[in-house]
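To start, the structure under review is shown below, and the notes come after it.
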Amino acid sequence: MPQSMQPGDAKAAEIKAISIGKTFGAFHALKDLSLDIKRGEFLTLLGPSGSGKTTFLMILAGFLAPTSGKLVMDGKDITNIPAEDRSYGMVFQGYALFPHLTVEQNIAFPLKVRRQSAADIKRRVGEMVERVGLVGHEKKLPAKLSGGQQQRVALARALAFEPSVLLLDEPFSALDKNLREMMQEEAKRLHQETGTTFVFVTHDQSEALALSSRVAIFNHGELLQAGKPQEVYERPANRFVAEFLGEINLLPLDTVQLDGERAAGRFEDQTITVNKSSALAGRAALAAIRPEHMVISVEHRKDNCNAITCRVEGATYFGASTKYHLRTRTGTSLAVSMPTATTSPIEPNTNVWVSWPEHQGFLLPNGS
Ligand SMILES: Nc1ncnc2c1ncn2[C@@H]1O[C@H](COP(=O)(O)OP(=O)(O)OP(=O)(O)O)[C@@H](O)[C@H]1O
Ligand SMILES: [Mg+2]
């Protein structure tokens with residue numbers, strides 16, 4: 001076993017996945033997927049059901065062999081190293097606790113397997129119980145714990161032996177909203193405290209944006225984009241990523257012209273100015289703007305803003321914000337989200353201006 005895989009080695013690992021392919025019969029579950037997992041980062045794999053997230057995690061864990069490509073951990077090829085020798089921590093949705101073992105026996109289990117001394121195990125279990133807030137519950141069996149408490153035990157058990165990588169597959173998806181948010185905070189804190197490399201799978205975009213240092217977006221077995229939450233949300237590489245991460249308004253522009261730091265095209269009878277994207281110069285494209293970057297006004301605002309006329313069709317009240325549903329003159333539908341506190345309600349059928357700063361708009365290829 002190489003030095004970096006010794007039990008109890010707390011060093012966070014980096015993993016390079018290089019051109020990973022995985023087929024099940026004729027079906028391509030992963031297609032030529034390359035991704036660098038950085039040392040100590042909190043990387044989230046995000047994508048719709050069936051996009052290959054669990055398959056990729058299973059390949060990282062060593063439970064599935066890739067059909068093609070390789071995995072390099074800390075400079076060493078680990079593609080053919082079995083799961084037990086990779087020694088990663090794991091928390092899976094269906095990865096149940098041992099029902100006949102108490103909380104402390106569950107957490108001690110991976111330490112016993114690694115033949116640590118009784119004194120070390122006792123100390124480490126005590127630390128982990130405290131770290132996940134389960135002091136007083138040590139002697140309970142899993143069946144006597146709430147769902148959130150059980151997931152805390154699973155986290156403690158996975159982190160007890162200080163793995164160099166922790167793999168988590170939708171660990172909180174069965175919990176209700178409040179408990180899920182609590183466990184998200186817990187996971188974030190444990191990541192900061194341990195410095196371990198976390199690879200977390202979810203299909204919940206807000207969970208991905210809230211937790212991660214980077215998000216990798218999967219679709220149909222392909223990696224579409226990887227970047228910091230702000231990057232993928234504010235500068236998505238394509239329409240799928242833009243729409244998967246949240247609502248987005250898309251205005252079809254005719255031929256895009258480059259103009260200094262900006263690009264511009266015509267939408268209805270207005271010129272719309274957006275951030276430059278050289279790849280789309282001279283072509284028809286979509287101007288993309290998030291609903292929260294737009295505002296509604298009765299007067300035409302001209303301060304470095306784009307503005308189009310719309311008719312209000314309705315509104316949805318979300319408490320902190322209100323979302324207005326609008327339609328442009330030629331029938332493109334738009335959504336504008338504004339803080340409820342600073343906005344007076346706007347009646348349906350009102351004609352208004354919708355405006356937004358030029359730098360908040362960006363170009364996406366039309367038809368992707
Ligand atoms: N053992 C297998 N045999 C055949 N097909 C499989 C197998 N495992 C996964 N697949 C297929 O590979 C694709 C990717 O599956 P995977 O479980 O990786 O998706 P996922 O992104 O984790 O989805 P979810 O969000 O639903 O968990 C799916 O179409 C699935 O049916
Ligand atoms: Mg899955």
Side-chain angles (χ1 to χ4, degrees), residues 15-37 41-71 78-80 82-84 86 88-97 147 150-151 154-155 158 165-177 179-181 183-184 187 197-212 214-227 229 232-233 236-246:
I15 305 174
K16 287 183 194 301
I18 304 164
S19 294
I20 296 288
K22 180 68 188 173
T23 54
F24 295 108
F27 179 74
H28 290 258
L30 293 176
K31 300 167 194 162
D32 193 25
L33 198 149
S34 295
L35 178 60
D36 283 359
I37 302 167
E41 79 170 328
F42 193 132
L43 176 71
T44 296
L45 314 181
L46 175 71
S49 187
S51 57
K53 307 178 299 291
T54 296
T55 303
F56 185 65
L57 207 70
M58 289 297 175
I59 288 172
L60 285 179
F63 292 133
L64 269 182
T67 312
S68 55
K70 61 179 183 172
L71 289 177
I78 58 158
T79 319
N80 298 314
E84 56 271 25
R86 292 188 198 182
Y88 298 158
M90 268 172 272
V91 185
F92 291 161
Q93 193 188 344
Y95 199 63
L97 300 171
Q150 290 184 30
Q151 280 304 45
L155 273 172
V165 177
L166 181 66
L167 305 175
L168 307 108
D169 194 352
E170 312 229 16
F172 312 137
S173 58
L175 306 177
D176 69 42
K177 186 171 173 289
L179 205 50
R180 191 162 69 234
E181 284 171 4
M183 291 307 297
Q184 288 169 358
T197 307
F198 276 40
V199 185
F200 184 97
V201 167
T202 184
H203 56 253
D204 176 339
Q205 51 92 7
S206 57
E207 185 169 75
L209 295 175
L211 282 179
S212 328
R214 275 195 321 146
V215 182
I217 295 112
F218 282 52
N219 193 30
H220 294 309
E222 289 178 272
L223 173 65
L224 298 186
Q225 189 176 6
V232 292
Y233 184 78
N238 56 47
R239 186 168 175 173
F240 179 86
V241 173
E243 291 182 327
F244 197 73
L245 289 173

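Every number for a ligand or one of its atoms is a count from 1 in the order of the listing.
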Nearest non-hydrogen protein atom, atom 26 (O) of ligand 1: Ser49 OG, 2.5 Å
Numbered atoms of ligand 1 (with element) below 4.0 Å of Pro48, judged on heavy atoms: 21 (O)
Nearest-contact summary for atom 17 (O) of ligand 1 - protein heavy atom, Å: Thr54 CB, 3.7 Å
Donor on one side chain, acceptor on other, Asp204 and Ser206, under 3.5 Å: yes
Protein residue, atom and distance nearest to atom 14 (C) of ligand 1, heavy-atom basis: Gly50 O, 3.4 Å
Thr202 and Glu207: side chain donor to acceptor below 3.5 Å: yes
Distance from atom 16 (P) of ligand 1 to nearest protein heavy atom, with residue and atom: Thr55 OG1, 3.5 Å
Nearest non-hydrogen protein atom, atom 9 (C) of ligand 1: Phe24 CE1, 3.5 Å
Identity and distance of the protein heavy atom lying nearest atom 25 (O) of ligand 1: Lys53 NZ, 2.8 Å
Proximal protein heteroatoms (N, O or S) of the Mg ion (ligand 2), under 2.8 Å: Thr54 OG1
Sidechain-backbone polar pair: Lys31 side chain, Lys22 backbone, donor-acceptor under 3.5 Å: no
Under 4.0 Å to a heavy atom of Phe27 - the qualifying atoms of ligand 1, by number: 11 (C), 12 (O), 13 (C), 29 (O)
Residues Asp169 and Thr54: side-chain donor-acceptor under 3.5 angstrom: yes
